[in-house]
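Keep in mind it's a predicted model, so treat the numbers as computed, not measured. Below, chains carry the letters A, B, ... as their sequence lines are ordered, and counting in each starts from 1.
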Protein chains: 2
Amino acid sequence: MSAYEDLNHALKQRGYSITRSREIVFNTLSGSTPLTTADLIKRINKRIDRVSVYRTIKLFEELGIIQRLNFGFKYKLELSDRFAEHHHHLTCIGCNRITDINKKELEAFINSIASDKEFLPSAHQIEIQGYCKKCRETEKQLNN
Amino acid sequence: MSAYEDLNHALKQRGYSITRSREIVFNTLSGSTPLTTADLIKRINKRIDRVSVYRTIKLFEELGIIQRLNFGFKYKLELSDRFAEHHHHLTCIGCNRITDINKKELEAFINSIASDKEFLPSAHQIEIQGYCKKCRETEKQLNN
DNA sequence: AATATTTTTGCAAATAAGTTGCAATTTATG
DNA sequence: CATAAATTGCAACTTATTTGCAAAAATATT
């Protein structure tokens, strides 16, 4: 099944129509590197209304047709290392608790990227979401 | 030197005054996990004007007092794995070219996080910026 | 295929996030 | 403590996103 047929199927299966708007959004994303909403709207350039692009994004997300590289925020602020140390985070979806990613493991990863690609990293942003030990245990109990 | 004295020093050194606004922003960020602008404004809650918070953020960034966990975008959109594979990216600051992060290395990293913290990852966002081989070579030439 | 029904679209207007101009206030300096 | 320079708050603006509603398009029915 082609990606396009897949789209039709995904829409029909859940009772949604196949429309010009939806095809345009799909085709614009297809074969592109990830796009911001602004870029997507720019590329679609008046062929369909801005509002419909937003609505299509929302629908496609619900149907699992697209996914967001989702930071949920444009940026977060923190004091620089000189004033307090900079970390990357694990966020528990269960209890919203935030812990730091182990520095050694992170460094090993960044180094492996560097050597592999002959790429010299100068900055990185890493966020991981999941379930902490406590929440996994609670959930287990809930499911029994 | 305490973080607070450090702040005074960093400001004075570059000819900026020490003001109530700047102290409040600093203290609010100090000892907090990273905050979005909205959260920061909410916590400061009318003690100083929204606009001044924005201006202080801008100044602190220029002075290297704060740093952004900077995605530069709230989210980017891409087709789900069912329609096209989902990757994480290396962005070259020199030529803006985007390449994918090696999947094996990424998985190894995610697994190491999982075992270490007893944390079960369900999603992650990773972006790395730096210089590709070509741009490093070009830059070398430019510096000679 | 023509019409009825349901879904989707575009437009106008609302809300939210961030920026700019300017007069009033605060901070630094002699 | 008076003056000059820097900083703040307010109002107004821009940009991003959302919502209500009538018109248009897609689907189902005959």
Side-chain angles (χ1 to χ4, degrees), chain A residues 4-29 34-63 65-78, chain B residues 4-29 34-63 65-78:
Chain A
Y4 184 76
E5 286 162 345
D6 257 344
L7 171 68
N8 287 4
H9 186 247
L11 287 171
K12 280 291 168 135
Q13 191 175 33
R14 303 271 298 264
Y16 292 100
S17 309
I18 295 148
T19 68
R20 196 177 123 73
S21 294
R22 291 169 187 164
E23 286 175 0
I24 288 176
V25 170
F26 185 85
N27 290 334
T28 308
L29 284 171
L35 297 176
T36 60
T37 337
D39 283 342
L40 179 60
I41 290 169
K42 199 175 293 167
R43 291 208 191 175
I44 285 173
N45 183 40
K46 318 271 170 150
R47 279 177 295 160
I48 55 182
D49 191 275
R50 221 155 43 78
V51 176
S52 295
V53 178
Y54 282 114
R55 283 194 276 231
T56 303
I57 289 170
K58 200 177 173 204
L59 177 68
F60 278 11
E61 253 194 296
E62 283 164 18
L63 298 181
I65 292 168
I66 62 176
Q67 59 192 10
R68 301 192 185 211
L69 303 178
N70 188 359
F71 298 100
F73 53 86
K74 217 162 156 188
Y75 46 75
K76 288 198 178 182
L77 305 162
E78 62 180 1
Chain B
Y4 184 74
E5 286 163 343
D6 257 345
L7 170 68
N8 287 3
H9 186 248
L11 287 171
K12 280 290 168 136
Q13 193 177 31
R14 302 272 297 263
Y16 292 100
S17 310
I18 294 148
T19 69
R20 196 176 124 72
S21 294
R22 290 169 187 163
E23 286 176 0
I24 289 176
V25 171
F26 185 84
N27 290 334
T28 308
L29 284 172
L35 297 176
T36 60
T37 337
D39 284 342
L40 179 60
I41 290 169
K42 199 174 292 167
R43 292 207 189 177
I44 286 173
N45 183 40
K46 318 269 169 151
R47 280 177 293 160
I48 54 182
D49 190 275
R50 218 159 50 80
V51 176
S52 295
V53 178
Y54 282 116
R55 283 194 276 231
T56 304
I57 289 170
K58 199 177 174 204
L59 177 67
F60 278 11
E61 254 195 294
E62 283 165 17
L63 298 181
I65 292 168
I66 62 176
Q67 59 192 11
R68 301 191 184 211
L69 304 178
N70 187 358
F71 299 101
F73 54 87
K74 216 162 155 188
Y75 46 74
K76 288 199 180 182
L77 306 162
E78 62 180 1

Q) Quick one: A:D49 CG to D:dA25 P, roughly how many Å, whole number? A) 14 Å
Q) More 5' along DNA chain D: B:G15 or B:I48, using each one's nearest nucleotide? A) B:G15
Q: Tell me what A:K12 touches on the nucleic acid: a base, only sugar-phosphate, or nothing, going by heavy atoms under 4.0 Å.
A: sugar-phosphate
Q | Smallest separation among heavy atoms of A:L63 and A:A10, with atom names | A | CD1-O, 4.4 Å
**Q.** Integer-rounded Å distance: D:dA16 P and A:I41 CD1
**A.** 8 Å
Q) Any side-chain heavy atom of A:T56 sitting closer than 4.5 Å to one from A:I24? A) no
(Q) For A:L59 and B:R55, find the nucleotide of DNA chain C closest to each by heavy atoms; which residue's nucleotide sits nearer the 5' end? (A) A:L59
Q. To the nearest Å, how far apart are B:K46 NZ and D:dC10 C1'?
A. 13 Å
**Q.** Within-4.5 Å side-chain heavy-atom neighbours: A:F60 and B:L77
**A.** no
Q) Tell me: CD1 of B:I44 to C1' of D:dG9, nearest whole Å? A) 15 Å
Q.
If you assign each of B:R47 and B:R50 to its closest nucleotide in DNA chain D, which residue comes earlier from the 5' end?
A. B:R47
Q. Near DNA chain C, under 4.0 Å by heavy atom, which residues of residues 18-26 of chain A?
A. A:T19, A:S21, A:R22
Q: Give the first and the last nucleotide of DNA chain C, reading 5' to 3', that has any atom under 4.0 Å from a heavy atom of chain B.
A: C:dA17 to C:dA28
Q: Can you see which heavy atom on B:I18 is nearest to which on B:K12, and at what distance?
A: CD1-CE, 3.7 Å
Q: Might you work through the side chain to side chain contact (heavy atoms under 4.5 Å, CB included) test for A:L11 and A:T19, ending with a clear yes or no?
A: CA-CA 10 Å; A:L11 287 171; A:T19 68; over 6 Å; no
Q. Can B:S52 and B:D49 be counted as having a side-chain donor-acceptor contact under 3.5 angstrom?
A. no
Q) Checking A:R20 side chain against A:R47 main chain: does a donor-acceptor pair fall under 3.5 Å? A) yes
Q) For the side chain of A:R22 and the backbone of A:L7, is there at least one donor-acceptor N/O pair under 3.5 Å apart? A) no
Q: Give, for atom CD of A:E62 and atom CG of A:L59, the distance between the pair rounded to the nearest 0.5 Å.
A: 6.0 Å
